[in-house]
Structures are given as C-alpha cells and as structure tokens.
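We name chains A, B, ... by the order of the sequence lines, and we start the count at 1 in each one.
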Number of protein chains: 2
Amino acid sequence: MFDLDLKSRIPIYEQLVEHIKEMIFQGVIQADEKMPSVRQLASELTINPNTIQKAYRELEQLGYIYSLPGKGSYVKEVSEMKTEVHVSALKEDLISILKELLFLNVSKDEIVGIIDAVEDEIEEVNVDENRSE
Amino acid sequence: MFDLDLKSRIPIYEQLVEHIKEMIFQGVIQADEKMPSVRQLASELTINPNTIQKAYRELEQLGYIYSLPGKGSYVKEVSEMKTEVHVSALKEDLISILKELLFLNVSKDEIVGIIDAVEDEIEEVNVDENRSE
DNA sequence: CATCTGTATTAATTAGTATAATACAGTTAG
DNA sequence: CTAACTGTATTATACTAATTAATACAGATG
C-alpha cells in the first residue's frame, strides 16, 4: 500500500504526508473515516511510531485530518479544511513548474491535455463511489 | 538579486539551483552567457564557496550549465539540454499538484488561466529581448 | 480491568549541510 | 613569464535534522 523509500533524501514522515494526502485526494480514504493507528501503521511499515506520529501531527497542522486522543485519527471534511493557504501555495508551485515546462518547449495544448486526464481520473473514482453506495 | 533564506529547511545550495533555473527560464541569463564565478558569487552572498560549487555541480549534472576549468561556468543551449528526463519528472509533479488543486475545488478554467498568464509573461520577456538586439 | 488509542519526553545514532583552510591545474591579460 | 583569475578537490570541524529506542501518561472501550 505504501511504497516508501528509506534511502530517499526526502524524510520518511514527509513521504507519508504526501502519500496520505494523495489517498485523500483520490478518495481512497474518505471524510470522517478512521485512519490506521500510529502503532499499527508503524508495525506494518516496520518504522518507528514516532515517525508516524510526526506525519500525523503535520497532517493535522495542515488541516487534512483531526485526532481524538484515546480514539484515533480521522480525515476531515473538505468543507472544513482551510483551503486558502494551500491553494495559494499550490498555485506558486504550479507556476514554477509551468515556467519550466514551457521553457522546455512543452506546448500549452499538451499541458491542458494533462489537466483533462487528471480530471477524468477523478471523475472515474467518483463514479465508482456512487456505484458502491 | 538572490534572496536566500539561510534558516529555511531547504538547503542553500538547493535554493541556489532553483533560483538559477528560474533565471534561465525567464531569460535573465541566456545561452552561453558566463555565470558569476564560484568565489565571486560566494563573497557577494557571504556564503562558503563550497556551497556555490555544490549548486553549480548539481546544475551541471542536471544539464542546465557547463563548466570549463580555468574559464568559467556557462548556460547551456536549450537544444543541448537533455529535456526528456526533466519533462517527465515535471509532468509527475504537475499531476500531483493538479490532483490537489482539483480536490480543493479549483476549476479547470482557473488553472488554464494561470497557464495563459505564465505564457504571456514569457512572451513579454522574449519581446524585450528582441527589442534590445 | 485489560487493551486499545493519541501524545510527550529523553537519549543516542546517523546523515546531511555548511564552514574553513588549503591545494592544484588550466586560462588569460599585462 | 607572472600575477590573478577560473573550476575543482580534499580534509576536518561544527551544527542541525531525521530516525530509532525506550518509556510514560491519560482518555476510550469492550
């Protein structure tokens, strides 16, 4: 489920944060769903619980999950997420990637094609969700 | 010229790499133009020459510049850059950012608008270049 | 009550970053 | 030719961040 690179220059807890964010965006984990416990995920991935906790703490600070001591950690509703900060930071990242792609002669049409593909992928997931309900 | 954050979690040499890449993409530094020498830039930024050298070495490995021992470091021609690897890596980054933006309910239209804006910005730089020739 | 949950703390290890001080060889202008 | 510039390499040191390890405490739950 998780493919972590222990030798990467990117810290494990950051890889976890990115991976879990992806799962939320993809709908793999849904709002108010209970996430694996710190110790459980730690033993699954044979990683120290402190590292998992650090990732969860960051996800909570970022506003993607919330934790109830004694109970567990849960995914937040999109409507409850503070999106403004994320969105503006993401736009900055987007712009610098676009600059580089256009500099390397990737056409606008091709980029728009990628947007369409990603949009379609998300659509499909939503359709699957509706089917299973 | 360079606005470095010495306290950032991102290493100085990585900030330098990103900054110089940006300057190349923007046309601020052009193909075959001589870059500031390792020692000169180090004293300008009051940073250790080794750190500058590390940034230059990475830029060279990435294929953005080339160095001639005894002469200096120069920006490569776009046509000489190995673009394939960069482009596919950039597309991966682009996709994960798009997933997040769409998840946070940013519309496709708005994203396309950003592409247009970046494209226009690059156009303007090119016009300026033609004027000054 | 036993066992799960999140959370916190302290210590030790390791790896990466940055500085410092040199050194060597190629280039070039005076 | 020489002085002053270039890139490049090496070694040692200091510092910081990441990770593991070993505990501990308090809330939730069957």
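- For the pair Leu59(A) CG and dT7(C) P, the interatomic distance rounds to 12 Å; values are reported in whole Å.
- Among residues two or more places apart in sequence or in another chain, the ring-ring contact (aromatic ring centres under 6.0 Å, His included) test is passed with Tyr13(B) by none.
- Residue Tyr66(A) is found in a hydrophobic cluster whose other members, listed by chain and number, are Leu68(A), Tyr74(A); membership requires side-chain heavy atoms under 4.5 Å apart, directly or through intermediates.
- Note: CD1 (Ile47(A)) to P (dA22(D)) measures 17 Å, nearest angstrom.
- Following rounding to the nearest Å, Asn50(A) (CG) and dA17(D) (P) show an atom-to-atom distance of 17 Å.
- One can place CE of Met35(A) at 13 Å from P of dT5(C), the figure rounded to the nearest angstrom.
- Remark: aromatic rings of His86(A) and Tyr64(A) are close, center separation under 6.0 Å.
- Between the side chain of Ser8(A) and the backbone N or O of Asp5(A), no donor-acceptor pair lies under 3.5 Å.
- For Leu68(B) and Leu6(B), each mapped to the nucleotide of DNA chain C holding its nearest heavy atom, the one lying further toward the 5' end belongs to Leu6(B).
- Ser73(B) has a side-chain polar atom (N or O) that falls below the 4.0 Å cut-off from OP1 or OP2 of dG7(D).
- In this entry the distance linking CD of Glu58(A) with C1' of dA17(D) reads 13 Å, nearest Å.
- The two residues Met81(A) and Ile24(A) come nearest to each other via the heavy atoms CE-CG2, 4.4 Å.
- Within the structure, a side-chain polar atom (N or O) of Ser67(A) is placed less than 4.0 Å from OP1 or OP2 of dT7(C).
- Glu44(B) contributes no side-chain N or O that, together with a main-chain N or O of Leu41(B), makes up a donor-acceptor pair within less than 3.5 Å.
- Spacing between atom CD of Gln53(A) and atom C1' of dA21(D) amounts to 14 Å, rounded to whole angstrom units.
- Atom-to-atom, CD of Gln61(A) to P of dT7(C) comes out at 11 Å; the value is rounded to the nearest Å.
- Residue contacts shown for Arg39(B) include a base, since a base heavy atom lies under 4.0 Å away.
- Heavy-atom distances under 4.0 Å link DNA chain D to Pro11(A), Ile12(A), Tyr13(A) of residues 7-16 of chain A, given in residue order.
- Checked against dA18(C), dG6(C), dT8(D), the side chain of Thr51(B) finds its nearest nucleotide in dA18(C).
- Taking only side-chain atoms of Asn48(A), from C-beta outward, the nucleotide of dA21(D), dT7(C), dG7(D) with the closest atom is dA21(D).
- Relative to the side chain of Lys71(A), the nucleotides dT27(C), dC24(C), dT29(D) differ in distance, and dT29(D) lies closest.
- Cluster membership check: Val78(A) shares its hydrophobic cluster with Val17(A), using side-chain heavy-atom separations under 4.5 Å among Ile, Leu, Val, Met, Phe, Trp and Tyr.
- Between the NZ atom of Lys54(B) and the P atom of dA18(C) there is a distance of 7 Å, given to the nearest Å.
- Comparing atom distances between the Val38(B) side chain and each of dA22(D), dT7(C), dG7(D) picks out dG7(D) as nearest.
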